[in-house]
Structures are given as C-alpha cells and as structure tokens.
Amino acid sequence: MRYTTWFRQHLAAVRALIVLTVITGIAYPLAVFAVAQLPGLHDNAEGSLRYRDGTLVGSSLIGQSFTDGNGRALPQYFQTRPSNSAPADGSRPDGYDPMNTSFGNKGPEDIVDTLAADPDHAATSLLTTVCTRSREVGEREGVSGARPFCTPGGVGAVLAVFGARDARGDIGAPVRVVSVNEQCPQHPFLAAYRGVRVQCAQPGEDYSAGLIVPIRGDAPAEPAVPPDAVTASGSGLDPDISPRYAQIQISRIAAARQVGADRIAAVVGDHTASRTLGFLGEPRVNVLELNLDLDRRFPVP
C-alpha cells in the first residue's frame, strides 16, 4: 500500500514536470518568438541594431563613443555622456566597454581629491571629475565651462580651514587655509580667505583636521554645460543625451561638416524624442541614430 502511494505521488510529479516543461520551456518561448516577428516589434526584438552600408555599427539601446584611439572627440560627431565602464587595463580611454558596464559609487559629498606623488595612489573626487569634464566640454564646444564649486582650472574649489573651533564646530579666526585640490606649485584659485592667505596642497599631507569648506564662486546657477555632459549614467552606456547637450554641439558639427548650423539643428529636432507617454522621463536625443543620419545627409568633406 505504501509502495502504491509513493508510486502515484512520483508519477504525478513526473506528469507535472512534463506538462510545465512543455508549457514554459517550449510553448511559451515559441509564442514569444512568434509575437516578436510581428511588424513593428521585430526590430526591437533583435536588439534595435543599426547598420551603415550593410555593416553593423551598434544598437540604439547601447551608448558608444565617437572618439579617436586616444579618447579625443571626433569633431564631426555628436558626443555621448561620459561613461564609467572603462576596462582596468586602460585599453578604452573613452570608457565605453559594453562588457564591463559599471557605475560610480561616489556621492555628492565626495569633494576632496587624494593627492600623491605616485599616480597609482592618487584619487580624483567626484567634484573634480565633474569640474574637469565641464571645462573640457566648454573648451570643445566654445561655451563657458564654469560651474558652481569649480575652480577655473577645472578642479573642485574646496578649502581646508584650520583654527580653533567653537561649540558648533565653526572656526572664528582661521590661522591656516589650504586649497586641498590644487597641488603645489599651483597658485590657489583664491588668494585669501577671511584675511588668511590660501596655500596650495602638498601631496601626501593630511588635511582632514581642517574644516572642509566648498567655495561656490560666481558661476551661474544653470551652467552652459548641462549635467548629462559631465556625469555618467547608472549603466555607463546611456545611448541618449539631453536636447541641451545636443544644442551646444551644433556649431562644432556644422563647421566639421561644412553645412549651416540651422540644417544640423533641424536634424537634431528630427531625432529628439519627447517624454514617454507624455510624462515619463525627459526629452532625449539618441546619439547613434543622429550621427548615422548626419553621415547619410551631410557626409564629411
């Protein structure tokens, strides 16, 4: 009797395994595959691949760089967002490595660089990374790269202020002030702070005992270089940029392709997508599709 019960239970289990395997392992995948072949869905199901002259050049869902072998922007192409997906061996200076997608784990309080004589022991803060990128983009696009809390040299404008502290931790009369992100012999971005001469930073010296004070400066609240031009996305492979970032690149593209800026702007408008369903996300421009269209309409002379 016990053997019969055991046999029936296992037979039921085998039947369930067979039925579920057929449904979830065969019927469902075939149904999904069939639906994916319908017009309008096939392209997305295949990975939204894009071709130029019959050659696969990428996917509209995955960002890629438009730079030379040294990571410098190619003047005839719109540039994408920065990426944190660089391989450890440094073989991709542009950072775009689809096999090594990653994100930065630095937050808004990461504002002090680690200065060291040996580059292997140095570390750049998030603030300085943003400031450096903003200056480089501004120089490339012919706009101001200034942004709050950044020095003209493109590092974080941060001071370490030393002196006796009160009960709240404030320093009433500073006795020493160091620009912690400007390594000697650089001249500090600020000559004096509250009557005390500002010093440059010495590599390897510990300034953690000082009160860390970011200096906003006189940069506009809304910089000419937009946020997506200086910060990476979560995946590091965002295929889109904001219309603002595309807008400041138009003059460079027009000069490189020797066409009017209004014609380049019209192509940008054609590739600007609005918010999904009218309220999700932000307006965006797909960089790969835009650059492919430019190559088709206005080949580089």
Side-chain angles (χ1 to χ4, degrees), residues 43 46-87 90-99 132-147 154 223-233 236-274 282-301:
D43 177 65
E46 292 296 316
S48 301
L49 302 179
R50 297 294 177 261
Y51 296 84
R52 179 172 55 193
D53 299 328
T55 301
L56 177 65
V57 294
S59 167
S60 63
L61 301 177
I62 299 177
Q64 60 179 277
S65 64
F66 292 88
T67 58
D68 60 18
N70 295 316
R72 292 188 292 263
L74 294 172
Q76 70 270 33
Y77 289 118
F78 281 87
Q79 297 301 303
T80 54
R81 295 184 66 169
S83 174
N84 290 318
S85 300
S91 59
R92 294 295 300 270
D94 51 36
Y96 274 86
D97 181 7
M99 302 303 294
T132 300
R133 288 171 175 168
S134 188
R135 184 191 63 178
E136 291 174 349
V137 172
E139 291 174 350
R140 184 176 71 225
E141 308 303 346
V143 299
S144 172
R147 58 191 324 111
V225 177
D228 60 306
V230 297
T231 56
S233 62
L237 298 174
D238 190 344
D240 304 319
I241 59 175
S242 67
R244 275 189 62 205
Y245 189 21
Q247 191 70 31
I248 66 173
Q249 300 186 62
I250 288 177
S251 295
R252 170 175 54 83
I253 306 298
R257 295 181 181 269
Q258 298 182 14
V259 297
D262 57 334
R263 303 180 70 182
I264 301 296
V267 181
V268 171
D270 293 341
H271 288 275
T272 300
S274 58
E282 295 292 334
R284 58 200 180 276
V285 180
N286 188 280
V287 178
L288 175 61
E289 293 183 345
L290 173 59
N291 284 335
L292 288 176
D293 198 11
L294 287 173
D295 281 345
R296 182 180 61 84
R297 298 194 197 189
F298 312 115
V300 178

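Heavy-atom basis, side chains included; hydrogens, waters and symmetry copies ignored. Starting from 1, each residue takes its place in the sequence as its number. Quantities reported herein were computed from a predicted structural model and do not represent experimental measurements.
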Say whether, by atom type as modelled, one donor and one acceptor occur between the side chain of S134 and the main chain of G145 under 3.5 angstrom. yes
Please tabulate, for side-chain N and O atoms in residues 262-274, each donor-acceptor pair with protein atoms closer than 3.5 Å (sequence neighbours left out).
from, atom 1, to, atom 2, distance (Å)
D270, OD2, R297, NH2, 3.1
H271, NE2, D293, OD2, 2.7
T272, OG1, V268, O, 2.7

Ignoring hydrogens and angles, tell me if any N or O in the side chain of Q64 forms a donor-acceptor pair with the backbone of I62 under 3.5 Å. no
Minimal non-hydrogen separation, R50 against L56, with atom names: O-CD1, 3.5 Å
R147 (side chain) donor-acceptor with V225 (main chain) under 3.5 angstrom: yes
Considering all heavy atoms of both residues, which atom of A261 and which atom of I250 are nearest to each other, and what is their separation? O-CG2, 3.5 Å
Is the count of non-hydrogen atoms from other residues, nucleotides or ligands lying under 6.0 Å from Q247 atom CD greater than 12? no
Is the shortest heavy-atom distance from the side chain of V57 to the side chain of Y51 under 4.5 Å? no
Pair listing, salt bridge (Lys or Arg N to Asp or Glu O under 4.0 Å) test, anchored in residues 245-261, at least two apart: E141-R252, R257-D295
Roughly how far apart are L294 CG and Q76 CD, rounded to 0.5 Å? 10.0 Å
N70 backbone acceptor or donor facing D68 side chain under 3.5 Å: yes
Partners passing salt bridge (charged side-chain N to carboxylate O under 4.0 Å, His left out) against E282 (at least two apart in sequence or in another chain): R275
Only counting residues at least two apart or in another chain, list the ones meeting side-chain contact (heavy atoms from CB on, under 4.5 Å) with A224. V143
Partner set under side-chain contact (heavy atoms from CB on, under 4.5 Å) for P226, not counting sequence neighbours: D228, A229, S242, R244, Y245, I248
Contact summary for D238 and R81, nearest pair of heavy atoms: OD2-NH1, 3.3 Å
To the closest 0.5 Å, what do you measure between OG (S65) and CZ (R72)? 13.0 Å
With rounding to the nearest 0.5 angstrom, report the CG to OG distance, D240 to S233. 9.5 Å
If only atom types and distance count, is the side chain of N291 paired as donor or acceptor with the main-chain N or O of F78 below 3.5 Å? yes
Which heavy-atom pair separates A256 from P301 by the least distance, and what is that distance? O-CD, 3.8 Å
Candidates V137, T67, I253 - the one meeting side chain to side chain contact (heavy atoms under 4.5 Å, CB included) with Q79: T67
Distance-only, no hydrogens or angles: does the R140 side chain make a donor-acceptor pair with backbone N or O of A73 under 3.5 Å? no
Go through the structure and list residues passing ring pair (Phe, Tyr, Trp, His ring centres under 6.0 Å) with F298, not counting sequence neighbours. none
N286 side-chain N/O to S60 backbone N/O, donor-acceptor pair under 3.5 Å: yes
How far apart are the closest heavy atoms of R52 and Y77, and which atoms are they? NH1-OH, 3.7 Å
